[in-house]
Amino acid sequence: MDEFELVAQYFSQGRVQAGVRTGIGDDGAVLEGVPGQDLVVVTDTLVSGVHFATEHSAGDIGHKALAVNLSDIAAMGASAGWALLNLTLPRADTVWLENFSAALLELADRFGVALIGGDTTRGPLSISVTVGGWVPSGQALTRQGASTGEDIYISGTLGEAAAALALGLDCQQQLTLLEGELLHRLARPEPRVDLGIVLRTLATAAIDISDGLLADLGHVLAASGQLGASITAEALPLSPAACKLLGKEAALSHALAGGDDFELCFTVPPERRLAVATLARSSGLTLTCIGTVTPGGGVIVSQGGAPHVAVESGYRHHWQADG
Ligand code: ADP
Ligand code: MG
């Protein structure tokens with residue numbers, strides 16, 4: 001199978017996409033501009049052995065490769081428009097490709113994303129996705145903009161993906177219902193795109209939690225001007241499944257420092273509390289206030305009124321410097 005056959009067979013969405021003049025099959029894709037809108041572009045790469053293990057299912061990898069990008073689009077308050085897929089494959093494994101592309105295109109269809117092109121090469125398995133989306137001009141939600149005294153909110157629950165990793169769960173095991181819930185959060189994260197769009201008019205800053213709450217909230221506070229935060233441990237939306245399987249202390253430390261949840265963390269002036277509550281009801285998402293922005297002094301997590309023991313603040317790649 002050559003590259004053309006492979007792309008035609010597995011990556012054709014089979015329908016006309018709004019705003020796409022020329023899609024897959026030419027030297028480049030041609031998109032209509034959208035008057036009054038800014039283009040938001042995000043990209044993320046998943047490398048086998050680094051971001052997932054070879055035993056991960058092809059469907060989970062296909063879903064996650066697009067989902068992590070849509071999560072960045074959500075954190076910017078944009079609506080998703082199109083995607084480019086750069087695929088490096090060790091071989092053309094038809095069963096793998098079938099499952100990978102079905103999950104990726106299912107997510108793309110659900111969010112109205114047109115796959116407009118990409119590249120296919122041979123080599124160690126690696127998937128790089130670029131997504132473009134639109135926001136009304138000047139209204140992108142960024143990490144800057146939080147102010148002292150604002151409420152800090154989290155969507156959904158935290159620490160479930162990290163709990164799945166800590167328990168060493170994978171799809172080849174026989175899992176209990178609770179274990180299955182945790183693994184689902186790690187393998188099939190749900191990007192909060194609809195929430196991000198509404199937050200454009202409510203939140204002052206936002207970020208998606210990919211590296212852990214403490215690390216990612218730290219990025220918002222730094223970008224907003226070396227601010228701090230006071231977080232109440234009891235307020236954190238812990239995972240019931242993680243609490244049952246690992247105990248409350250472990251669930252708490254996964255909620256603070258575990259990555260891969262892909263929930264949104266955002267700041268809102270206190271006078272908009274009612275609007276956030278209304279949004280929670282209409283969206284069906286849990287939106288939890290976990291603390292407030294302070295003038296400085298880092299992130300302080302208190303439990304029972306006293307400062308909580310410091311935890312590792314999230315995942316970071318460390319590069320080995322040459323020479
Ligand atoms: P070129 O040599 O001009 O870069 P390619 O042969 O690499 O063209 O690709 C042919 C067409 O298929 C292009 O439109 C490209 O965007 C698309 N394409 C290639 N690989 C993928 C992929 N993995 N997913 C989606 N589209 C792809
Ligand atoms: Mg090419």
Side-chain angles (χ1 to χ4, degrees), residues 1-34 37-74 76 78-134 171 187-191 193 208 210 262:
M1 183 166 25
D2 68 20
E3 180 183 348
F4 285 105
E5 290 163 342
L6 186 152
V7 171
Q9 174 146 7
Y10 297 107
F11 296 107
S12 157
Q13 279 170 303
R15 62 185 166 87
V16 178
Q17 304 278 352
V20 180
R21 289 191 208 276
T22 302
I24 289 177
D26 216 304
D27 292 318
V30 183
L31 304 176
E32 289 170 20
V34 182
Q37 303 273 310
D38 290 344
L39 175 62
V40 175
V41 183
V42 305
T43 194
D44 249 312
T45 301
L46 299 184
V47 177
S48 175
V50 179
H51 302 98
F52 58 88
T54 39
E55 66 266 23
H56 276 79
S57 88
D60 289 349
I61 297 168
H63 176 99
K64 197 155 178 177
L66 180 59
V68 298
N69 281 278
L70 290 176
S71 180
D72 283 327
I73 284 284
M76 300 302 292
S79 53
W82 50 264
L84 293 164
L85 170 65
N86 289 344
L87 201 52
T88 304
L89 300 168
R91 72 197 82 82
D93 176 336
T94 54
V95 174
W96 193 93
L97 274 164
E98 181 66 48
N99 291 320
F100 172 86
S101 61
L104 187 141
L105 292 182
E106 190 271 326
L107 188 65
D109 284 343
R110 203 144 61 75
F111 284 89
V113 174
L115 185 60
I116 58 166
D119 199 19
T120 309
T121 49
R122 199 175 282 272
L125 182 60
S126 157
I127 303 112
S128 185
V129 175
T130 300
V131 172
W134 304 98
C171 62
R188 301 266 174 152
E190 182 66 16
V193 179
D208 68 319
S210 53
F262 299 102

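One-based numbering, in listed order, for ligands and for the atoms of each.
- Of all atoms in ligand 1, numbered sequentially from 1 with element shown, those under 4.0 Å from a heavy atom of Glu3 are 5 (P), 6 (O), 7 (O), 9 (O), 19 (C), 20 (N).
- Close approach to Thr120 involves these atoms of ligand 1, each under 4.0 Å from a residue heavy atom: 19 (C), 20 (N), 21 (C), 22 (C), 23 (N).
- Counting heavy atoms closer than 4.0 Å to ligand 1, residue Asp119 contributes atoms from both its backbone and its side chain.
- Here the closest non-hydrogen pair linking Pro191 and Ala67 is CB-O, 3.9 Å.
- Counting heavy atoms closer than 4.0 Å to ligand 1, residue Asp26 contributes backbone atoms (N, CA, C, O) but none from C-beta onward.
- Considering only heavy atoms from C-beta on, Phe11 comes within 4.5 Å of Phe100 through its side chain.
- Summarising the geometry of Asn69 relative to Asp44, their closest heavy-atom pair is OD1-N, 3.2 Å, with the distance given to 0.1 Å.
- Residues that satisfy the side-chain hydrogen bond (donor to acceptor under 3.5 Å, both in side chains) test with Asp60, not counting sequence neighbours, are Ser57, Arg188.
- Partner Glu5 forms a side chain to side chain contact (heavy atoms under 4.5 Å, CB included) with one of Gln9, Met1, Glu3 and no other, that one being Met1.
- Side-chain atoms of Trp82 and Val131, non-hydrogen and from C-beta on, never get closer than 4.5 Å to each other.
- In this structure, the side chain to side chain contact (heavy atoms under 4.5 Å, CB included) partners of Gln17, at least two apart in sequence or on a different chain, are Gln13, Arg15, Val20, Ala114.
- Residue Phe4 approaches ligand 1 through these ligand atoms, each under 4.0 Å from one of its heavy atoms: 6 (O), 10 (C).
- Distances below 4.0 Å separate heavy atoms of Ile24 from the following atoms of ligand 1: 12 (O), 14 (O), 17 (C), 25 (C), 26 (N).
- Every atom of ligand 1 with a heavy atom of Val7 under 4.0 Å away is listed here by number and element: 18 (N), 19 (C), 20 (N), 21 (C), 26 (N), 27 (C).
- For atom 14 (O) of ligand 1, the nearest non-hydrogen atom from the set Gly25, Ala8, Gly118 comes from Gly25.
- In the candidate list Asp27, Leu89, Leu84, Asp27 is nearest to atom 3 (O) of ligand 1, counting heavy atoms.
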